[in-house]
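Data first, discussion second: the structure below is written as structure tokens.
Index from 1, following the sequence.
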Amino acid sequence: MSPGESGFKVLEHKLGYRFTDKGLLMEALTHKSYHYENRDSSEGFNERLEFLGDSVLGLSVAGELFGRLESFDESMMSKLKSYLVKGEVLSDVALGLGLGDYLRLGRGEEDSGGRTKRSLLANAMEAIIGAVYAESGYDEARALVLRLFRGRLDEAIETDLYKDYKSELQEASQEIHCVLPVYRVVEEEGPEHEKTFLVEVHVGGRLLGTGKGLNKKEAQQSAAREALGLIRGS
């Protein structure tokens, strides 16, 4: 699938940025599976831009946190940054843009639901950030990041979504019960590319929490959060 000029205009409007070099945008939207199947018409794919965008995203988020959170120490800012640049957040932003509709995929990826695969969406999101940087430099790329991630950033600062509940639960369970938490996947739902996981966490043989997420790690974090609340009596 190729978006075409009208498709580019819609996506650019959503991004709030207009590419002078449409080839850069096309490259950012091209998965390697498409490139390998269409070498004559595809000059490259998005992995190099993804690499660049990953660094630009990290610096943009770090700079914004440093400027806004004078009362936060290094540890708190590091946790926030790690949360904001992780694949789940990137793919959520990409889904909000409808980015999957614009991806160029090979037949295998297309048939296996690649347009909704969170890993592909997150990679393409980073590649677009990299493409903006490659064309217009850091200031424009940073402005794009802040436009797209502002809501997530504000939400993360105002809540505790960024906390590492698994690490906190491990410390608490060792201190109180002298054992490590045990996580068990008890249910998987949905197609392979869009599964949700239900996880239980047990401490000393006792069920203390359950959690659901789009991957095992997210579900484990949710379960650990519930267990911590029980341990701490809140």
Side-chain angles (χ1 to χ4, degrees), residues 11 14-17 28-29 46-100 102-103 116-134 136-170 194-197 199 211-226 228:
L11 179 57
K14 293 178 181 179
L15 294 170
Y17 178 86
L29 296 169
N46 62 11
E47 288 186 0
R48 283 172 53 82
L49 289 173
E50 175 194 340
F51 167 79
L52 184 59
D54 175 67
S55 296
V56 174
L57 173 63
L59 179 58
S60 300
V61 169
E64 183 69 5
L65 294 175
F66 179 82
R68 287 179 58 174
L69 304 176
E70 294 183 5
S71 63
F72 277 41
D73 61 19
E74 178 188 3
S75 175
M76 294 174 73
M77 288 193 295
S78 293
K79 289 177 181 178
L80 263 169
K81 176 177 173 285
S82 295
Y83 169 75
L84 289 164
V85 302
K86 69 179 184 177
E88 290 91 340
V89 173
L90 279 160
S91 61
D92 281 347
V93 173
L95 285 167
L97 293 168
L99 199 58
Y102 302 94
L103 297 180
T116 58
K117 281 185 181 177
R118 285 185 168 265
S119 58
L120 268 63
L121 291 168
N123 294 344
M125 191 70 258
E126 286 182 330
I128 285 177
I129 295 168
V132 172
Y133 176 85
S136 298
Y138 176 69
D139 287 344
E140 284 288 350
R142 177 180 178 275
L144 173 70
V145 168
L146 295 182
R147 279 196 301 275
L148 296 180
F149 288 77
R150 177 78 68 187
R152 286 283 182 171
L153 195 151
D154 291 342
E155 180 186 28
I157 291 172
E158 293 167 5
T159 67
D160 58 0
L161 291 174
Y162 62 92
K163 289 186 177 179
D164 186 353
Y165 293 107
K166 284 186 67 179
S167 295
E168 291 186 29
L169 179 61
Q170 180 171 314
E194 203 172 2
K195 278 188 177 181
T196 58
F197 296 85
V199 166
K212 184 175 284 190
L214 296 170
N215 54 53
K216 293 178 184 178
K217 184 177 178 181
E218 186 177 298
Q220 288 171 350
Q221 286 285 353
S222 179
R225 180 181 183 179
E226 184 175 289
L228 278 167

Side chains of L29 and L99: closer than 4.5 Å at any heavy-atom pair?
-> yes
Which residue pairs pass the salt bridge (Lys or Arg N to Asp or Glu O under 4.0 Å) test with at least one member in residues 139-148, sequence neighbours excluded?
-> E64-R142
With a 4.5 Å heavy-atom cut-off, do L57 and M125 have their side chains touching?
-> no
So do the side chains of L103 and L121 get within less than 4.5 Å of each other, counting heavy atoms only?
-> yes
Donor-acceptor pair, side chain of Q221 and main chain of Y165, under 3.5 angstrom | yes
With distance as the sole test, does N46 use its side chain to make a donor-acceptor pair with the main-chain N or O of L49 at under 3.5 Å?
-> no
Distance col, row L228:CG vs E226:CD, nearest 0.5 angstrom, shows 10.5 Å
In terms of heavy-atom contacts, G213 and A219 come closest through N-CB, 3.6 Å
Working to the nearest 0.5 Å, report the span between CD1 of I157 and CG of L65.
-> 6.0 Å
With rounding to the nearest 0.5 Å, note down the distance linking NZ in K216 to CZ in F197.
-> 5.5 Å
If we only count heavy atoms from C-beta on, is the V89 to V85 side-chain gap below 4.5 Å?
-> no
Distance, nearest 0.5 Å, that separates CG of L90 from CD1 of I129 = 6.5 Å
Under 4.5 Å between any side-chain heavy atoms of L15 and L148, yes or no?
-> yes
Donor-acceptor contact present, side-chain K14 to main-chain L97, <3.5 Å | yes
Assess whether atom OH of Y138 is packed by more than 12 heavy atoms of other residues, nucleotides or ligands within 6.0 Å.
-> yes
Side-chain touch R152/D92, heavy atoms, less than 4.5 angstrom | yes
When you look at Y133 and S55, which way does the side chain to side chain donor-acceptor pair (under 3.5 Å) test go after all the steps?
-> CA-CA 10 Å; Y133 176 85; S55 296; over 6 Å; no
N/O donor-acceptor pair under 3.5 Å between N123 side chain and S119 backbone | yes
Euclidean distance, K79 NZ relative to F72 CZ, rounded to 0.5 Å = 11.0 Å
Heavy-atom side-chain contact between F149 and L84 under 4.5 Å | no
Would you call V132 and V56 a side-chain contact if the rule is heavy atoms closer than 4.5 Å?
-> no
